[in-house]
K.L.:
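To start, I am sharing the structure in question, which I have written as structure tokens.
Computed from a predicted model, the values in this text were never measured in an experiment. All chains are named by letter (A, B, ...) in the order of the sequence lines, taking the proteins before the strands, and each is independently numbered beginning at 1.
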There are 2 protein chains.
Amino acid sequence: MSSTPRKEQIIETAARLFSQRGYHATSMRDLARELDLKGASLYSHISGKEEILWLILERAARQFLDAIEPIAASDMPPLEKLRAAIRSHVRVVTGDLAAATVYFHEWKALQGERRAQFLEWRRRYEHLLQGIVEEGMAAGVLDPHADPKFATLLILSVVNWLYQWYRPEGPLSPDEIAERFTALILDGLGARVGEETADAAYQTA
Amino acid sequence: MSSTPRKEQIIETAARLFSQRGYHATSMRDLARELDLKGASLYSHISGKEEILWLILERAARQFLDAIEPIAASDMPPLEKLRAAIRSHVRVVTGDLAAATVYFHEWKALQGERRAQFLEWRRRYEHLLQGIVEEGMAAGVLDPHADPKFATLLILSVVNWLYQWYRPEGPLSPDEIAERFTALILDGLGARVGEETADAAYQTA
DNA sequence: CCTACCGATCGGTAGG
DNA sequence: CCTACCGATCGGTAGG
């Protein structure tokens with residue numbers, strides 16, 4: 001029925017298996033069986049097991065970066081940038097939950113150059129997000145006295161952990177989840193007109 | 001020098017290796033080499049590879065539960081309960097980062113009964129935390145209109161993701177990190193005296 | 001895409 | 001705690 005090229009089927013199926021059992025716990029024969037092939041037949045489409053992992057991780061990393069780069073470079077107001085960045089992150093995670101799970105769990109199985117490339121992409125992503133956070137602080141949308149590194153880590157905590165609990169059949173759509181995340185972050189890290197409220201919360205704590 | 005029993009050394013070293021490379025990527029011979037033993041010698045102290053993983057995960061799960069259970073059962077005010085729960089969670093994670101990493105990443109390698117037991121402990125922990133959140137809402141410390149399940153997930157996101165970025169040599173102590181988490185959560189999920197501020201933030205978003 | 005096969009390594013046991 | 005060894009399985013290749 002499907003005209004999806006074999007290589008695509010291999011990558012998709014591998015993403016599912018790697019996300020369920022982990023990269024090292026999935027054998028090439030497991031993967032082949034899922035595609036009604038013999039193990040050796042996989043090697044006419046891909047060069048080896050690590051290449052499959054790499055193709056999954058490379059795509060995921062590009063999706064994250066392709067989404068945030070135009071947002072970071074745009075002239076939207078800082079608040080809208082932050083909202084758009086959170087929404088696009090949530091869309092990437094929820095759009096391919098298996099790939100996102102592999103992205104967060106299995107990159108350590110990469111060796112040498114690929115591992116370095118992956119980590120560089122991840123660093124670039126986090127740096128772009130931190131830039132948006134800093135713009136928000138400079139514009140007074142986020143608390144200018146907060147630590148931008150810590151604030152970025154908190155945003156990443158919330159949007160990254162999503163892969164652990166998101167289920168497509170759940171009650172909230174991806175955009176609704178992103179909306180709630182944004183509201184929480186604006187509230188928790190936001191600058192207030194009356195600064196007393198924020199100060200009071202810190203002191204009560 | 002050290003009089004640590006061999007079994008303890010095995011568990012500690014395994015936690016380090018499993019956290020660095022993953023359970024399936026660490027062989028019994030890797031583990032033995034790290035302890036200046038031959039692979040076969042491990043089996044006079046433990047019954048098999050999965051038992052080592054189980055001992056790491058069981059301890060970690062018990063640490064989380066032993067910390068939150070007395071807090072949940074106490075008669076502290078709701079706000080103090082939440083603060084204490086977050087602080088104890090952060091202490092467990094930072095107190096043994098390797099074990100925490102294995103706790104979050106490698107439990108899927110457990111089979112059958114052990115896997116079920118682990119998941120039950122994790123559910124119990126999350127349920128106790130949600131109870132504390134609900135008490136806070138009932139008492140007006142947290143926004144009574146928020147969704148308690150979602151609020152609990154957000155707290156778990158922030159405190160769980162810590163294992164991904166915490167480094168003992170970093171600028172913040174575990175208790176300082178917990179303090180900042182609590183402040184953020186009280187701010188982001190907190191009830192305000194003037195409700196307009198929160199409503200305004202939701203509508204701007 | 002298959003059969004047939006490779007050397008390496010896996011978790012684990014026997015027997016001291 | 002060691003040497004010696006087990007069957008099973010691993011990723012991958014040869015050759016069609």
Side-chain angles (χ1 to χ4, degrees), chain A residues 1-58 102 105-115, chain B residues 1-58 102 105-115:
Chain A
M1 263 295 157
S2 167
S3 63
T4 316
R6 257 281 124 104
K7 191 167 177 176
E8 290 305 311
Q9 290 179 23
I10 292 172
I11 296 167
E12 262 176 55
T13 306
R16 205 184 75 235
L17 295 181
F18 292 173
S19 73
Q20 286 166 353
R21 316 175 189 175
Y23 174 76
H24 286 110
T26 306
S27 76
M28 293 299 273
R29 286 165 179 84
D30 291 338
L31 175 55
R33 196 182 312 116
E34 208 78 9
L35 293 158
D36 284 311
L37 293 175
K38 297 294 176 184
S41 305
L42 292 167
Y43 292 86
S44 26
H45 301 99
I46 45 88
S47 68
K49 193 183 180 187
E50 203 196 291
E51 196 205 8
I52 304 178
L53 177 63
W54 174 243
L55 291 169
I56 296 167
L57 293 178
E58 188 192 25
V102 176
H105 264 91
E106 307 298 335
W107 62 267
K108 282 185 181 176
L110 290 178
Q111 307 283 329
E113 183 54 40
R114 285 171 168 167
R115 187 176 171 134
Chain B
M1 263 293 154
S2 167
S3 62
T4 316
R6 258 281 124 103
K7 190 166 178 176
E8 291 306 310
Q9 291 180 22
I10 292 172
I11 296 167
E12 262 176 56
T13 307
R16 205 184 76 236
L17 294 182
F18 292 173
S19 74
Q20 285 165 353
R21 316 175 189 174
Y23 174 75
H24 290 292
T26 307
S27 75
M28 293 299 274
R29 286 166 179 84
D30 290 340
L31 175 55
R33 195 181 312 115
E34 208 78 8
L35 293 157
D36 284 310
L37 294 176
K38 297 296 175 182
S41 306
L42 292 168
Y43 291 86
S44 26
H45 300 99
I46 45 91
S47 68
K49 193 183 181 188
E50 203 196 290
E51 197 205 8
I52 304 178
L53 178 63
W54 174 244
L55 290 169
I56 297 167
L57 293 178
E58 189 192 24
V102 176
H105 263 91
E106 306 299 335
W107 63 267
K108 281 185 182 176
L110 291 177
Q111 307 282 329
E113 183 53 41
R114 284 170 168 168
R115 186 176 172 136

K.L.:
In whole angstrom, give the distance that lies between atom CZ of Arg29(A) and atom P of dC5(C).
P.N.:
14 Å

K.L.:
Between dC2(D), dG11(C), dC1(C), which nucleotide has the shortest distance from any of its atoms to the side chain of Leu37(B)?
P.N.:
dC2(D)

K.L.:
May I ask you to evaluate whether Ser44(B) reaches the phosphate of dC1(D), defined as a side-chain N or O under 4.0 Å from OP1 or OP2?
P.N.:
no

K.L.:
Rounded off to whole Å, could you give me the CG-to-P distance for the Leu31(A) and dC10(D) pair?
P.N.:
12 Å

K.L.:
Using a cut-off of 4.0 Å on non-hydrogen atoms, how would the nucleic acid contact of Ser27(B) be classed: base, sugar-phosphate, or nothing?
P.N.:
sugar-phosphate

K.L.:
How close or far is atom P of dG11(D) from atom CH2 of Trp54(A), stated in whole angstroms?
P.N.:
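The distance from CH2 of Trp54(A) to P of dG11(D) comes to 20 Å, rounded to the nearest Å.
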
K.L.:
To the nearest Å, how far apart are His45(B) NE2 and dG11(C) P?
P.N.:
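In whole Å, dG11(C) P lies 18 Å from His45(B) NE2.
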
K.L.:
Given atom CG of Leu53(A) and atom C1' of dG11(D), what is their separation to the nearest angstrom?
P.N.:
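Rounded to the whole Å, the gap is 14 Å.
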
K.L.:
For Ser47(B) and Glu51(B), which I'm curious about, is there any donor-acceptor pair between the side chains at under 3.5 Å?
P.N.:
yes

K.L.:
To the nearest Å, give me how far apart NE2 (His24(A)) and C1' (dG11(D)) are.
P.N.:
11 Å

K.L.:
Counting heavy atoms from C-beta on, name the nucleotide in dT3(C), dC5(D), dG12(D) closest to the side chain of Lys38(A).
P.N.:
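Looking only at side-chain atoms, Lys38(A) lies closest to dT3(C).
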
K.L.:
Select base, sugar-phosphate, or nothing to describe what Gly39(B) touches, counting heavy atoms under 4.0 Å on all strands.
P.N.:
nothing

K.L.:
What's the CZ-P distance between Arg6(B) and dC2(D), to the nearest Å?
P.N.:
9 Å

K.L.:
Hey, which of these two, Asp30(A) or Ala40(A), hits DNA chain D nearer its 5' end, going by closest nucleotide?
P.N.:
Asp30(A)

K.L.:
Rounded to whole angstroms, how far apart are OH on Tyr43(B) and C1' on dG15(C)?
P.N.:
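These atoms are roughly 17 Å apart.
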
